[in-house]
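Here the structure comes first, spelled out in structure tokens, and everything after it is commentary.
Below, chains carry the letters A, B, ... as their sequence lines are ordered, and counting in each starts from 1.
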2 protein chains.
Amino acid sequence: MIKGVLELALLCILRKRAHYGLEILQRMNEESGLEVADGTIYPLLHRMESAGFVAADWRIEGDQGRPRKYYTLKPRGAAELKAMSDDWRDLRSRMDALIEKGTR
Amino acid sequence: MIKGVLELALLCILRKRAHYGLEILQRMNEESGLEVADGTIYPLLHRMESAGFVAADWRIEGDQGRPRKYYTLKPRGAAELKAMSDDWRDLRSRMDALIEKGTR
DNA sequence: GCCAGTCATCTTGTATAGCAAGATATCAAT
DNA sequence: ATTGATATCTTGCTATACAAGATGACTGGC
């Protein structure tokens, strides 16, 4: 609980372009405020790869001579992104109702 | 991650009046759509009690001759509710931004 | 060239949460 | 008396998040 927020954030980040591990970590911490550790992100990436949601390939990008492992969104990942977005919206409206409204 | 949604839902439910375990379970499933099992709710209640957020007392309420364990919100629980509500709103806006907006 | 520092990834161990399943107990109804 | 519904609790399993440490590769200063 709530299982899936990290996964959802990852899929969102990969939607526009490929990212490598530490880059994903930085964006999660800066944008989503999730305060993820690298000991969390790499196992997550491996799980998402095993599940067939993302694909990984080593690249040497731009000015960097150092190879980095880039992750891209696969079709199954895009479908999962849609499903998880819907789940998120559902949870969001329900939790908002619980928080904002006076409950029984 | 995201730890705290169940806790938040519980504190919200207890805000207006005392509830007993199964009642909390039913309201979570109906209203929050969280699909919680009773093997989840009782340990949760015990944790929240140990943490000093809620108090428990056995009561025979209304028409029922069967005693039920009622949980009430303690001051520390109310403070926690406020803190978790703020956290929730923060996470919500950040995740919405990630989902809705085109990200880098 | 060598060394230190940084970047980047991976692994191990620990703690905890959620859940299914089963145990227990009480009351109501037949 | 037996069944079924209500209500709580416990055990065992699995998965996840994290801290911490290990590893390797490149860069920059000397």
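- Rounding to whole angstrom units, CE of residue Met28(A) and P of dA17(D) are separated by 10 Å.
- Atom C1' of nucleotide dG18(C) and atom CG of Leu44(B) are separated by 10 Å, given to the nearest angstrom.
- Here the CZ-CG distance, from Arg15(A) to Leu98(B), works out to 8.0 Å after rounding to the nearest 0.5 Å.
- Arg76(B) is linked by a side chain to side chain donor-acceptor pair (under 3.5 Å) to nothing, counting only residues two or more places apart in sequence or in another chain.
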Quiz item: Can you give one letter per nucleotide of nucleotides 5-10 of chain C, going 5' to 3': B for a protein heavy atom under 4.0 Å from the base, S for sugar-phosphate only, - for none?
Solution: --BBBB

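- Nucleotides of DNA chain D nearest to Thr40(A) and Ile60(A) differ in position, and the one nearer the 5' end is that of Thr40(A).
- Residue pairs meeting the ring-ring contact (aromatic ring centres under 6.0 Å, His included) criterion with at least one member in residues 40-59 of chain A, sequence neighbours excluded, do not occur.
- When rounded to the nearest whole Å, the span between CG of Leu25(B) and P of dT8(D) equals 10 Å.
- In this structure, Glu35(A) atom CD and dA19(D) atom P are separated by 9 Å, rounded to whole Å.
- Applying the side chain to side chain donor-acceptor pair (under 3.5 Å) test to Arg89(A) and every residue at least two apart in sequence or in another chain returns Glu100(B).
- Between Arg47(B) and the phosphate of dA15(C), there is no side-chain N or O to OP1/OP2 separation shorter than 4.0 Å.
- Rounded to an integer number of Å, the gap from Ile24(B) CD1 to dT8(D) C1' is 12 Å.
- In this structure, Glu61(B) atom CD and dC27(C) atom C1' are separated by 17 Å, rounded to whole Å.
- Taking Glu23(B) as the reference, Arg17(B) meet the side chain to side chain donor-acceptor pair (under 3.5 Å) condition, with sequence neighbours excluded.
- Scanning for side-chain contact (heavy atoms from CB on, under 4.5 Å) contacts around Arg94(A) gives Asp90(A), with sequence neighbours left out.
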